[in-house]
Structures are given as structure tokens and as C-alpha cells.
2 protein chains.
Amino acid sequence: MADQIYRVNMSTLTFTVEEVPTAWMGLGGRGLTSTIVAAEVDPECHPLGPNNKLVFAPGLLSGTAAANSGRNSCGAKSPLTGGIKESNVGGTSAGIMAKLGVKALIIEGQPTEGKFYHLHVSKEKVEIVEAPELVGKDNYEVLDAMLEKYDKKVAVMSIGRPGEMRMLLSNISVKDPKGKLRSHGRGGMGAVMGSKGIKCITVDAESYKETTLADPEKFKEASKVFTQALKDNPISGEGLPAFGTNVLVNIINEAGGLPTRNFREGQFEFAENICGETMAENIKARGGDTTHGCHAGCVIQCSQTYNDKEGNYLTSGFEYEMIWAYGANLGIKDLDVIAKIDALMDDLGVDAIETGNTLAMAVDAGILAYGDGAKAYELIANDIAKGTFLGRILGGGVGNFAKLYGMVRVPVVKNQSIPAYDPRAIKGQGVTYATSTMGADHTAGYAVATNILNSGGHIDPLTKEGQVALARNLQIATAAVDSTGMCIFVAFPALDDPKCLPALIDMINARFGVSLTGDDVVNLGKNILKLERAFNQRAGLTSADDRLPEFMKYEALPPHNALWDFTNEEIDAFWDF
Amino acid sequence: MADQIYRVNMSTLTFTVEEVPTAWMGLGGRGLTSTIVAAEVDPECHPLGPNNKLVFAPGLLSGTAAANSGRNSCGAKSPLTGGIKESNVGGTSAGIMAKLGVKALIIEGQPTEGKFYHLHVSKEKVEIVEAPELVGKDNYEVLDAMLEKYDKKVAVMSIGRPGEMRMLLSNISVKDPKGKLRSHGRGGMGAVMGSKGIKCITVDAESYKETTLADPEKFKEASKVFTQALKDNPISGEGLPAFGTNVLVNIINEAGGLPTRNFREGQFEFAENICGETMAENIKARGGDTTHGCHAGCVIQCSQTYNDKEGNYLTSGFEYEMIWAYGANLGIKDLDVIAKIDALMDDLGVDAIETGNTLAMAVDAGILAYGDGAKAYELIANDIAKGTFLGRILGGGVGNFAKLYGMVRVPVVKNQSIPAYDPRAIKGQGVTYATSTMGADHTAGYAVATNILNSGGHIDPLTKEGQVALARNLQIATAAVDSTGMCIFVAFPALDDPKCLPALIDMINARFGVSLTGDDVVNLGKNILKLERAFNQRAGLTSADDRLPEFMKYEALPPHNALWDFTNEEIDAFWDF
């Protein structure tokens with residue numbers, strides 16, 4: 001049975017199951033969500049209105065035995081940036097959707113305001129059931145209810161109260177293999193799901209078949225080479241398994257690019273307290289688990305279980321970006337406090353980067369003090385979760401906060417807040433922030449790899465030379481990788497091991513019986529970026545939106561006293577391809 | 001002595017007095033503020049940062065005896081729209097600046113945050129004095145302090161607490177001839193003044209000389225013809241003096257275009273309670289004054305003094321837009337309650353349209369009920385004035401409110417809220433809203449004149465035909481008129497009396513010894529619009545911003561069940577000139 005498009009209309013509460021149009025057949029993940037959004041969504045529509053669409057699509061290799069292929073993409077017009085959005089996530093949804101033959105799930109229309117539904121996707125069927133009993137619940141409670149109702153392997157995607165309230169920092173949360181939560185983060189995808197009146201989507205894991213392979217032998221062989229490349233690379237094979245993504249705290253701090261106290265400094269004096277090494281020591285001492293994967297088939301295992309001093313579970317999936325946002329940027333120096341906030345945010349389904357950065361703005365506005373973890377927790381648990389007036393202010397994210405308080409230091413691009421690498425001190429990453437179709441997004445083209453980690457060579461992070469080309473090449477490659485269902489960390493071996501990328505392409509060829517070349521993959525990446533940019537332009541974004549915040553041009557970042565010194569012309573040359 | 005440019009740098013707390021560059025000599029009012037902003041302000045700068053500039057320029061005829069020439073223009077990059085802004089006002093500042101020879105006052109830079117200054121402009125001098133004693137005061141208290149310090153005729157421009165807090169709905173307030181306040185409204189000009197650390201600007205009225213005229217005889221003659229044209233026209237000569245601008249309530253209600261309960265209906269069942277006729281009766285019965293002018297030399301006298309039942313002063317300058325915003329759109333049916341809110345808003349310096357419309361959004365969000373005037377008053381007096389969390393939410397205006405509450409019905413264009421004429425039922429006005437460089441602005445091209453009032457002919461308000469050309473011609477003419485210092489109501493005789501416009505041009509020629517033709521004036525208007533649009537494009541605005549809110553395309557407005565039905569191409573053709 002060929003894959004199919006599942007389409008749900010929330011205005012009429014009906015669904016159809018459709019053949020995959022020829023033009024979409026070779027696409028998956030980001031390539032497919034962006035193609036569908038660009039083809040079917042009016043770029044001028046209100047992102048929370050009836051004319052936006054929410055699209056889920058597993059990657060091309062999702063559902064196979066390929067290592068690290070379990071990412072699911074979610075796309076829409078973003079209510080945060082006003083442009084196109086793709087956000088991919090681990091968890092179990094990609095594999096289950098792929099095995100069920102769901103090429104994409106497209107959700108359109110809008111029900112009566114205030115009504116919330118549960119969608120259950122099974123073979124050629126979508127049940128659309130009003131679910132008043134789930135309203136006002138957060139993610140873990142919804143997850144428990146679903147696990148009670150269905151087979152334990154069921155895929156679950158849900159929103160917490162912030163998503164119901166259509167807050168711009170809300171995520172869509174996804175069940176992972178250990179029953180914890182992963183997030184379609186950034187861009188306010190939770191608000192889009194909330195605006196569609198959908199509290200929860202489950203995907204049946206009982207009726208699926210294993211994914212068919214056109215050439216199982218060739219697939220197996222390529223898969224072996226690919227897996228070995230992931231294991232041989234010092235970052236994906238050693239650093240990430242040992243310390244998680246949080247290995248970066250010391251590295252980025254050392255480089256002077258760890259944004260500290262709302263992007264005022266590039267080094268945090270308490271980095272030692274919150275770094276990956278300290279985290280790994282705590283886990284060892286307290287009986288947690290340093291290595292687990294966010295999805296089945298992960299061989300990197302950068303996730304972990306983090307316990308408190310008494311050995312009780314605190315959180316999992318405790319990532320660098322989160323620890324940076326609450327640690328260096330909000331000044332909290334106690335990893336356990338940050339872990340509690342992490343678990344809270346998972347349950348509510350709010351974006352760690354946007355929420356943390358907004359709290360740093362709130363410090364500047366006098367609402368809390370740097371380092372006050374208890375107050376930060378309370379602002380999320382009491383204000384954001386309940387939608388108090390202050391909660392609504394925080395729920396709008398950094399850009400809107402700045403508008404309400406008349407603030408000039410606004411660390412956003414396209415209204416999405418800047419992640420954990422200061423662009424003044426890690427300039428390649430800055431070019432990605434400026435030019436990404438997604439707004440400030442570290443995953444769109446991770447130039448930190450070459451600026452700091454010496455993957456794919458080395459380009460001095462403090463000089464401008466070579467950064468635009470670097471960010472361009474990485475963004476092209478990432479757009480392609482985001483279409484395969486692969487996790488972004490395959491970039492490390494792909495940049496340095498000549499066997500890695502050919503093996504990845506061989507797996508795609510063996511899966512579908514096609515014969516893609518490296519050039520085809522590069523062209524796929526280029527086409528995705530151009531398609532997304534064209535959507536953004538029709539939505540009203542221009543080169544003037546491909547800019548870092550103005551204050552970074554005149555406020556130097558210690559210790560290097562680095563400024564953002566690219567001209568507009570230099571940045572705009574990014575699009576010359 | 002020739003006119004001069006006064007330039008104040010708030011970073012260095014210094015000033016210069018400069019010769020007028022040749023290119024600026026023939027310009028005044030909006031033509032001059034927009035030219036200076038376009039020439040000197042980086043369109044990509046943060047509007048509340050050090051690189052924006054705040055410019056004041058009296059009109060070409062300000063300071064002369066020409067009737068209705070007392071409008072002062074204020075320009076900057078708007079923190080509300082992100083584009084260029086010009087806002088003109090009556091009061092005494094235009095005449096006094098013109099007589100002092102201040103061609104324009106340009107304020108640039110930014111002092112240490114939290115410090116506020118008082119600028120005193122006198123002949124070839126600007127005193128820049130820190131004024132901590134004025135911080136936290138509202139406009140009338142500041143005005144009283146200035147009247148104690150200076151000659152009673154001194155011009156005063158100030159901001160209240162919302163401007164200090166850089167709220168996007170804050171105005172700059174200007175003393176009028178009766179010691180009451182007028183507003184540079186819309187676009188958040190009060191926030192820009194607040195961001196410059198300026199609480200108050202005074203302009204010396206003792207050292208000025210009368211404006212010189214190149215040909216006093218010719219001027220006198222043209223002035224007579226012009227004044228007569230204003231008096232002969234039924235709208236400027238009868239309707240406005242008798243009922244004020246509030247004469248429009250019954251007219252627009254009758255036309256089904258009076259936005260009611262947040263743009264849900266086109267007629268308000270209590271229109272009778274709040275209309276101009278009722279207001280005039282109250283004034284007569286209670287001993288107010290139906291006719292006074294907002295500036296010296298006004299022969300229309302559409303302003304008034306409005307008292308309560310006991311004959312005590314309530315407010316003045318009680319305008320249609322204000323009465324509509326709190327009456328029909330917020331459902332308050334008691335004119336006295338609206339009058340109290342009007343006086344409060346004058347004192348605080350907040351925009352009547354943006355504030356009223358934001359409160360209507362707050363009704364939709366469940367914060368107050370339609371018609372609850374006491375609560376509306378309290379939200380302004382307690383929340384907005386004090387900057388509570390709710391006050392900050394409201395202070396961001398309609399567009400930002402919608403973002404925080406995830407609302408889809410957002411009556412804004414370029415993030416500025418739509419005034420008192422529903423574009424679905426008065427389509428020519430809708431074209432102005434969509435295309436104006438200022439965001440939704442009824443004064444930018446008042447198509448109500450021809451759609452409803454039959455000035456300059458008649459074009460059916462409910463059909464599309466002819467509306468784009470009408471809005472284009474009116475916007476071109478208005479941009480020119482906004483440069484003369486004339487009030488917008490000269491449009492009525494100008495549209496119907498063939499003697500009016502030539503007389504206006506003759507006055508300009510006699511004032512400066514030039515020989516402008518009608519074509520020159522049209523070209524001036526065209527050039528201003530194009531200059532402003534080019535600035536907006538460089539700032540990142542596109543055709544996608546020349547759009548009415550999406551909900552007006554699918555939500556029909558009773559009683560005509562009118563939709564906004566222009567295609568994008570039809571609207572974009574506005575710029576074909």
C-alpha cells in the first residue's frame with residue numbers, strides 16, 4: 001500500500017485520505033511540510049485563523065532501521081515570525097506515522113472558538129472527537145489519559161494550557177520512547193494547534209506495517225556504514241553521549257560567545273556550575289542515566305535522565321539551549337533549579353529558548369532579578385500557565401515583550417529570539433540567525449560546528465571572512481537533512497567523514513528505488529530554502545528582516561568586545577545561489 | 001532673518017542652529033518632516049533607539065494670518081507601524097515656532113535611560129535642562145508648571161506617564177489657545193519623545209517677530225477669498241461649527257458604516273444618545289460653548305467646551321473619532337461618561353482611537369463588558385497610567401493585544417488600528433486605510449467626503465468602482481495640504497469651490513515670493529507619498545502590508561452585509577502614479 005495524505009478539516013470536522021500527488025512523492029519532513037504550506041496556505045492569512053494549515057510529515061527515512069531517522073516535521077505559517085515555519089522533533093510520532101503510511105497529515109479550517117478536539121489517526125481513518133475533559137490539562141496528564149486509552153506504543157502529540165491560550169511561546173509536545181516529552185519547538189506551533197481546536201493527536205501503533213524497502217540488502221549495507229560514521233566521530237560518538245548537548249557550556253563560554261545576562265556578556269562566571277561535566281557527575285552520583293535517545297534507532301543517545309540529590313527523577317532531555325537560557329542568560333547557577341523548570345516547561349509545552357529569553361527581558365523590566373530561579377519557576381507555573389496578565393505578556397515572547405515595555409535591546413530576528421550563541425562572537429552563527437527563513441534558529445545552519453568545534457575545517461568565529469558562504473552551505477545541507485528525518489547531529493560526521501553522506505544517500509535510494517546523487521541532495525536543500533523564502537516574501541518579509549538586532553551593532557560584547565559588523569550588502573549576498 | 005533648523009542632540013545634550021538647506025526651503029509641515037526623516041533616519045533603526053529622530057515642523061503658512069493654517073507636523077519612524085509617521089496638530093506651537101523662525105526642530109540621540117529633560121526653545125537657543133520634578137506628572141500638571149514659569153503665550157508640547165513609559169498608544173500633547181490640550185495622535189509619537197528623554201518642550205512666545213510676507217497685498221486678497229470659501233461651504237461653514245466633527249455619528253450610522261462592538265456591526269442602536277445633535281443640545285442646555293478653534297485663525301471652530309449637567313467643565317475638543325471609539329465601538333451610550341474619559345486621555349496623552357479600540361479587544365478577551373464606562377475609565381486611569389501589567393498590555397495597542405491573546409479579528413493596518421468608518425461599508429475609506437503610508441488613518445485621504453458627504457461628487461460607498469482613484473487623489477491632495485499647515489477640513493471647500501485651492505496657492509506664493517501652480521502642488525503631494533513609501537519599503541514594509549485585516553474578507557458587516565472584496569492587484573494599483 002502506497003503512502004497517503006491524511007487531511008482533516010476542523011471547520012467541517014471531516015477528513016479525507018488522498019493519494020500523494022506526484023510532485024510530493026520524493027519529499028519528506030521539512031521538504032514536504034514547506035512544499036505543502038507554500039502550495040496551500042495564503043501567505044497573507046492570519047496564522048491563527050481558518051486559512052492557515054498545520055502539517056505533519058515524517059522524514060524520508062523515518063520508519064526504517066536507519067540510525068537517527070526518527071524526526072517528525074511540523075509546518076505552518078508561524079504566528080511568531082509571520083513567515084513559514086518548520087520544526088522537527090524526536091519522539092515516536094515520525095516512525096509510527098511513516099509505518100502507518102501517513103506521508104503527511106494536513107489540518108485545515110477552524111472549529112467554533114473554545115471547543116477542543118482529540119484526533120485519532122489510524123489506518124485510512126481519522127476520528128475527530130470533542131474532548132472537553134482534556135481542556136485545561138497539561139501534557140503529562142493528557143499523555144496519561146491517552147496511554148490508558150490506547151496501546152502503550154501509541155504516538156501522542158499534544159498541547160498544554162499555553163497552547164490552548166494560543167501563546168506564541170507554546171510548543172507541540174510529542175511522546176518519546178521512554179514516555180517523556182519532546183517538543184516541536186519555536187515559532188509558536190502550539191498556538192497554531194490550539195487555534196485549530198486540537199488538544200491532542202494520537203496515531204495508532206497497532207495497525208501499522210513495517211516500512212517496505214526497495215533494496216533491503218543495499219539499505220542494510222549503507223546503514224552499517226552510516227551508523228559506524230556516527231560512532232567514529234568524536235562529537236557524535238563521544239562528546240554528545242558523555243555529556244549531552246550540554247557539553248557546549250564550557251566550550252562556548254571559553255570562546256566568549258555564551259550570552260550572559262540578556263546578551264550583555266559572552267562569559268558566565270558560574271559556567272562550571274551548570275556545564276555538561278558537572279551534569280554528568282551529578283547523574284553518575286545520583287543514579288540517573290547519561291545516555292538515552294529521543295527516538296528509537298538513535299545511536300548518539302545525547303539525552304539523559306537527571307535526578308535530584310535524593311535520587312528522585314527531575315527531568316530528561318535536559319539540553320544545552322535550556323540550560324543556557326536559564327543559566328547564563330538568566331543568571332541561575334543551580335542546575336537542579338534549572339532541571340525543575342525544564343520539567344515544568346515540558347509539561348506546559350512552552351519553548352525553552354523563547355521563555356527563558358523573555359524572562360531575561362522581564363529582568364530588565366524589573367519584574368524579577370537575575371538568578372532568582374524560584375521566581376522564574378513561579379512566573380511560568382502561575383502566570384504563563386494560568387494566563388494572568390503578566391502571563392499573557394510573557395507568553396508573547398521577547399519581541400512582543402519589548403514592544404510593551406518600549407525596550408531597545410531586543411535579541412530577536414524575525415521576532416524569534418536568539419539562541420545560545422552570541423552572534424557577535426560567533427559570526428557564522430550570526431549569519432544563520434540573520435538569513436534563516438525561520439527567524440533566529442541555531443539548528444537552521446549550525447556554524448558553531450566550523451567556527452568553534454572545528455568540524456568541516458575552521459573559520460575564525462571573530463572575523464567576517466568566509467562566514468556567509470559557511471552559513472549558506474550549512475543551511476542548504478540542513479534543509480536537505482531536515483527532509484530525511486535525520487537528527488541534526490549527523491552533520492558532524494557528514495562534515496568530516498567522506499563515507500557518511502554517500503551512505504545516507506544510498507539509504508534513501510535503497511528505500512525508494514531511486515538514484516539520487518550528492519548534487520540532487522544539494523539541489524533539494526537549495527530548493528527548500530528558496531521555496532520558504534518566496535513564501536516569506538509573499539507574506540511581507542524582506543531583506544530588512546534578515547537583520548540582527550540593531551543594538552548588537554553598537555554594544556560591544558565582552559570579553560572580545562565584539563560587534564556585529566556585517567554590512568547589509570554582505571548579508572544579502574547570502575541569497576546569491 | 002531667514003528661518004533656521006534647530007537641532008538638539010540628546011546623547012550629548014547639545015544643540016546647533018543651522019541654515020536651512022536649499023532642498024528643504026520650499027517645504028513645511030509633513031513635506032518637511034518626512035523629507036528630514038527619510039534623509040537622516042536609517043529605516044532599519046529601532047524606533048525607540050538612539051538612531052531615530054523626532055522632527056517638528058510648522059506648515060508653510062503657519063504663523064501667517066491665513067485662516068486655519070495653525071497645524072504643526074511631527075515626524076519620526078513610528079514604533080507602532082515600523083514605518084514613517086507624520087502627525088499634525090492644532091494648538092499654538094505651529095504659529096509660535098514659525099514666527100520664531102524655526103523651520104524645523106530636529107531631536108536626535110538618546111540620554112541615559114530614565115532621565116527626563118525639558119527643552120526651552122528661544123531665538124537661536126535651546127536650553128536643555130534635566131527635569132526630575134516633572135517625571136511622573138501628566139500633561140495638565142506639566143502645562144501648569146510651564147505657565148507659571150513663562151509668559152502665558154508660551155508654546156508647550158509634553159508627554160504624560162504613558163509617553164514616559166514608551167507606550168505605543170501615547171501622544172504628544174500641545175497647548176491650545178484656551179489652555180486646553182491637542183494631540184499629535186497615532187503612531188506612538190509620545191513614545192518616541194519619551195525615548196528621547198524629553199518630558200516637555202516649550203517655545204518662547206516673547207522674542208518672536210511677525211512672519212514676513214513677500215507680497216502682503218496679494219496675500220491679504222487671497223486670504224479673504226480663501227476664508228470666504230471656508231465660510232460658504234455647508235460642511236466647514238455650517239455643519240462643523242454647529243455640531244463639531246460629531247455631526248458624523250448620525251450620518252455614518254445612517255450609512256451603516258459606524259463600526260459597532262469591535263467592528264461587528266455597522267449601526268449602533270444608541271447612536272441618538274451620542275450624536276452631534278445631542279451633544280449640541282447638551283452644550284446649549286448646560287452652558288458650554290459649541291464653537292471654538294483648536295488654533296488661532298481658525299474660522300471653522302469645530303471644537304467646543306462640554307459641561308456636565310451641573311454646568312461644570314468636563315472636556316473640550318470632543319471629537320467624533322473619540323465618541324465613536326467609546327460610544328459605538330465600546331458600547332458606552334452616555335455622552336457624559338465618554339466626555340470624562342476624553343478629558344482623562346488628554347491629561348495622560350493617549351490616543352483616543354488606539355486606546356478605545358484596544359479596550360474593545362479587551363472586551364473580546366473578557367476583561368470588561370461592552371458599555372461599562374466606569375471600568376473603561378478605571379483601566380485607563382489605574383492600569384494604563386500606572387503601567388500595571390494589564391496597563392502594559394493595553395498600552396501596546398490593538399495589534400499587540402491580539403498577539404498576546406491569540407486573536408484573529410484584528411482591526412489594524414500596519415499595526416495601527418482602524419478609525420471610525422468601517423471599510424467594508426465605506427470602501428473608498430478602506431482603500432485609504434490599506435494604502436496609506438501611515439497605517440490605518442482616516443485623515444490621510446478622507447474618502448468619506450465623496451462616499452458619504454457628496455463633496456467632490458459622489459461615489460457609491462458600497463461598490464468598488466472608482467474608489468482606488470478617489471483614495472489616490474485625496475491622499476495626494478492631503479499630503480500637499482498637510483505641508484501648508486492647513487487643517488484637513490479645508491478639503492471640503494477645496495473639493496467643491498473652484499476658488500478655494502487657487503486662493504490657497506496664491507497665499508503660499510505671496511508668502512514666499514514664488515509662483516507655484518496647481519500642478520506643482522499635486523506634484524508635491526505625489527512626491528511626499530512616494531518618499532514616504534520608499535522609506536517604508538527600506539524599513540521592510542511591502543504590498544503585503546497594504547492590506548485590510550483578513551477577517552473583513554469573510555465576516556460580513558450588517559446591515560449591508562458588506563465584505564471587503566478588493567483583490568490584491570486592485571489595491572496595489574493605487575501606487576500606479
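Letters A, B, ... mirror the listed sequences (proteins, then strands); counts begin at 1.
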Among [options], residue most engaged with chain A (heavy-atom pairs, under 4.5 Å):
options                                    : value
Thr388(B), Leu48(B), Leu80(B)              : Leu48(B)
Val410(B), Asn568(B), Leu541(B)            : Asn568(B)
Cys45(B), Gly396(B), Pro79(B), Ala191(B)   : Cys45(B)
Arg392(B), Arg409(B), Arg166(B), Glu550(B) : Arg392(B)

With a 4.5 angstrom heavy-atom cut-off, could you sort out which part of [X] is near chain B: side chain, backbone, both or neither?
X         : value
Tyr554(A) : side chain
Leu168(A) : side chain
Arg547(A) : side chain
Ile367(A) : side chain

Does [X] come within less than 4.0 Å of [Y], counting only side-chain N to carboxylate O?
X         : Y         : value
Arg538(B) : Glu44(B)  : no
Asp545(A) : Lys414(A) : no
Arg161(B) : Asp138(B) : yes
Asp364(A) : Arg264(A) : yes

Shortest non-hydrogen contact from Ile159(B) toward Lys199(B): O-NZ, 2.9 Å
Pair Glu354(A)-Ser417(A), side-chain donor/acceptor within less than 3.5 Å: yes
Check: Thr435(B)/Asp546(B) side-chain N/O donor and acceptor closer than 3.5 Å: no
Residue among Thr542(A), Val408(A), Asn51(A) with most heavy-atom pairs under 4.5 Å to chain B: Val408(A)
